[in-house]
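Worksheet: the structure to be examined is printed underneath.
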Amino acid sequence: MEAIHIKGIWMAEYLQQQTNNLERFWLTVTHFGDPQVGFLFVFPLTYFVCNQLGVAVLWVSALSEWLNLMLKWVLFGERPFWWIGECQLFVSTKPHVSQFPYTCETGPGSPSGHSMVTAAVWWVVVPPLSSFLHSRTHCWVISAAPYLMYGLLLGAVGISRIFILAHFPHQVVTGIIAGIFLGIFLGRRVPEGRPLLFFVSFSAGMLFSALILNVGLQLVGIDLLWTVALAKKWCSCAEWIRLDTVPFSSLARDCGTLLGLGLAQNWKQSGRCLSLNHRALSLAVSSIGLYLMYSLSLPDKSQGLFYCLVFVKFTLVPLIVMVVSPGLVHFFSGKMKKD
């Protein structure tokens, strides 16, 4: 692994030197590849195009991020920005690399969560979009365009993660491969029409299995928070260390999302068919609601309280999109018709 890591560092140095004028672009791409984008952007966008597709996106987002967390805990992947300092191999020829605001992730590095979740989530969207374009145009070139855009997106997200020293190249590649397989597998197994108990049990099962793995590894002498100490030690700016990058934050996010999905599917009014205008208005309302909710800063003095608030925050995401926003649009449009 030492040779692979060294080559990865030199590749990151080359990228930074050759594309330093694209720094803002790479930071934007890596932000767009954040797993939270699946919950807060792709889910509402696809839900108001096709309800079943939106639910599939949310389901795949939560499970792929949770599985990524499990893999990271087992594989113990290093991250470039701290490995450079820890390895003691760059004494005479130090690489000329820089850190950025999104560099200092606190979890293990393998496989890349940005690459894995992005690959899984967008795979759910690409085949239906391609089929739709083919049915309308009967042109294989146009129907192949979503797959081309998908490949370009994965390549850009992967390069951005290498550029900012968040991941080694092999971590990006394994993340993309794992994400594609998960998108294919999970996209065909979306729980629709399931009772609330199913989602409560599934969310609790994800939480307790992660905690059991945590306790089991601690019993054999492995501290799962070893990466947090390294991130704090080698991050060039203390303000770049964010609590929402700690593995338990993503666990709370995923479990809360599935609970919210169960509540939303059981609370939304069945049989209501929204018109195109109502769907557009619902998308706008839900986007505003999600933006305001995402903008709220959570208190990070107590980690336990922070994780609980993250859980509540993402439990609300499906409810805002599937229940609250369509309900408000239906209520006010009906009131305007009466007036």
Side-chain angles (χ1 to χ4, degrees), residues 34-41 43-44 55 58-73 102 104-108 113-114 117 191 194-218 223-229 231-232 238-267 286 288-325:
D34 191 303
Q36 295 186 69
V37 169
F39 301 93
L40 301 174
F41 174 75
F43 163 55
V55 171
L58 195 63
W59 171 257
V60 171
S61 296
L63 262 66
S64 60
E65 188 180 36
W66 177 78
L67 288 168
N68 179 260
L69 172 62
M70 299 295 102
L71 289 173
K72 283 182 173 179
W73 276 350
Y102 297 123
C104 302
E105 301 270 354
T106 56
H114 280 61
V117 178
R194 295 296 188 98
L196 177 59
L197 182 60
F198 169 84
F199 293 95
V200 173
S201 302
F202 212 97
S203 178
M206 289 169 56
L207 175 62
F208 286 118
S209 61
L211 294 178
I212 289 171
L213 177 61
N214 188 354
V215 172
L217 291 175
Q218 285 184 349
D223 181 14
L224 292 182
L225 296 179
W226 63 276
T227 57
V228 178
K232 291 180 177 179
E239 288 76 17
W240 294 346
I241 299 289
R242 307 188 315 275
L243 197 55
D244 64 352
T245 66
V246 176
F248 289 109
S249 292
S250 61
L251 177 63
R253 177 165 59 240
D254 302 332
C255 294
T257 297
L258 289 188
L259 176 61
L261 178 59
L263 291 171
Q265 286 198 349
N266 281 268
W267 287 352
S286 63
I288 293 171
L290 292 179
Y291 175 78
L292 293 175
M293 187 192 67
Y294 179 74
S295 301
L296 290 175
S297 58
L298 302 180
D300 55 3
K301 300 299 181 182
S302 169
Q303 290 192 15
L305 176 61
F306 180 84
Y307 300 143
C308 290
L309 291 176
V310 169
F311 180 88
V312 174
K313 187 176 182 179
F314 279 86
T315 300
L316 294 175
V317 169
L319 293 172
I320 291 173
V321 174
M322 299 171 66
V323 180
V324 177
S325 298

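Everything numeric in this text was worked out from a predicted model, so none of it was measured.
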With side chains defined as the heavy atoms from C-beta onward, is the minimum distance between [X] and [Y] less than 4.5 Å?
X	Y	result
Thr257	Glu65	no
Leu213	Leu217	yes
Phe199	Leu263	no
Pro35	Ser64	no
Leu290	Val321	yes
Phe314	Met293	no

Q: Could you note down all residue pairs passing side-chain hydrogen bond (donor to acceptor under 3.5 Å, both in side chains) where residues 296-309 supplies at least one of them, sequence neighbours left out?
A: Gln303-Tyr307
Spatial distance of atom [atom1] ([X]) from atom [atom2] ([Y]) [nearest 0.5 Å]:
X	Y	atom1	atom2	result
Leu40	Arg253	CG	CZ	8.5 Å
Asn214	Met70	CG	CE	9.0 Å
Ser61	Leu258	OG	CG	10.0 Å
Ile320	Thr315	CD1	OG1	10.5 Å
Phe306	Leu243	CZ	CG	4.5 Å
Leu298	Asp244	CG	CG	9.0 Å

Which heavy atom in [X] sits nearest to a heavy atom in [Y], and how many Å separate them?
X	Y	result
Ser249	Val310	O-CG1, 3.7 Å
Leu196	Gly262	CD1-C, 3.6 Å
Arg194	Asn266	O-ND2, 3.9 Å
Ser209	Trp66	OG-CZ2, 3.1 Å
Asp223	Gln218	OD1-NE2, 4.4 Å
Leu319	Gly260	CD2-O, 4.1 Å

Q: Any chance you could lay out the side chain to side chain contact (heavy atoms under 4.5 Å, CB included) test for Leu225 and Phe248, step after step, and finish with the verdict?
A: CA-CA 10 Å; Leu225 296 179; Phe248 289 109; 4.0 Å; yes
**Q.** Crowding at OH, Tyr291 (>12 non-hydrogen neighbours, <6.0 Å)
**A.** no
Q | Check: Trp59 ring centre within less than 6.0 Å of Phe202 ring centre | A | yes
Q: Have a look at Phe43 and tell me which of Leu58, Val60, Val37 forms a side-chain contact (heavy atoms from CB on, under 4.5 Å) with it.
A: Leu58
Q. Where do Asp254 and Leu63 land on the side chain to side chain contact (heavy atoms under 4.5 Å, CB included) test, with the steps shown first?
A. CA-CA 7 Å; Asp254 302 332; Leu63 262 66; over 6 Å; no
Q) Quick one: disulfide (SG to SG under 2.5 Å) partners of Cys104, sequence neighbours excluded? A) Cys235
Q: Could you go through the side chain to side chain contact (heavy atoms under 4.5 Å, CB included) check for Lys72 and Thr227 one step at a time?
A: CA-CA 11 Å; Lys72 283 182 173 179; Thr227 57; over 6 Å; no
Q) Are any side-chain N or O atoms of Thr106 and backbone N or O atoms of Val246, one a donor and one an acceptor, separated by less than 3.5 Å? A) yes
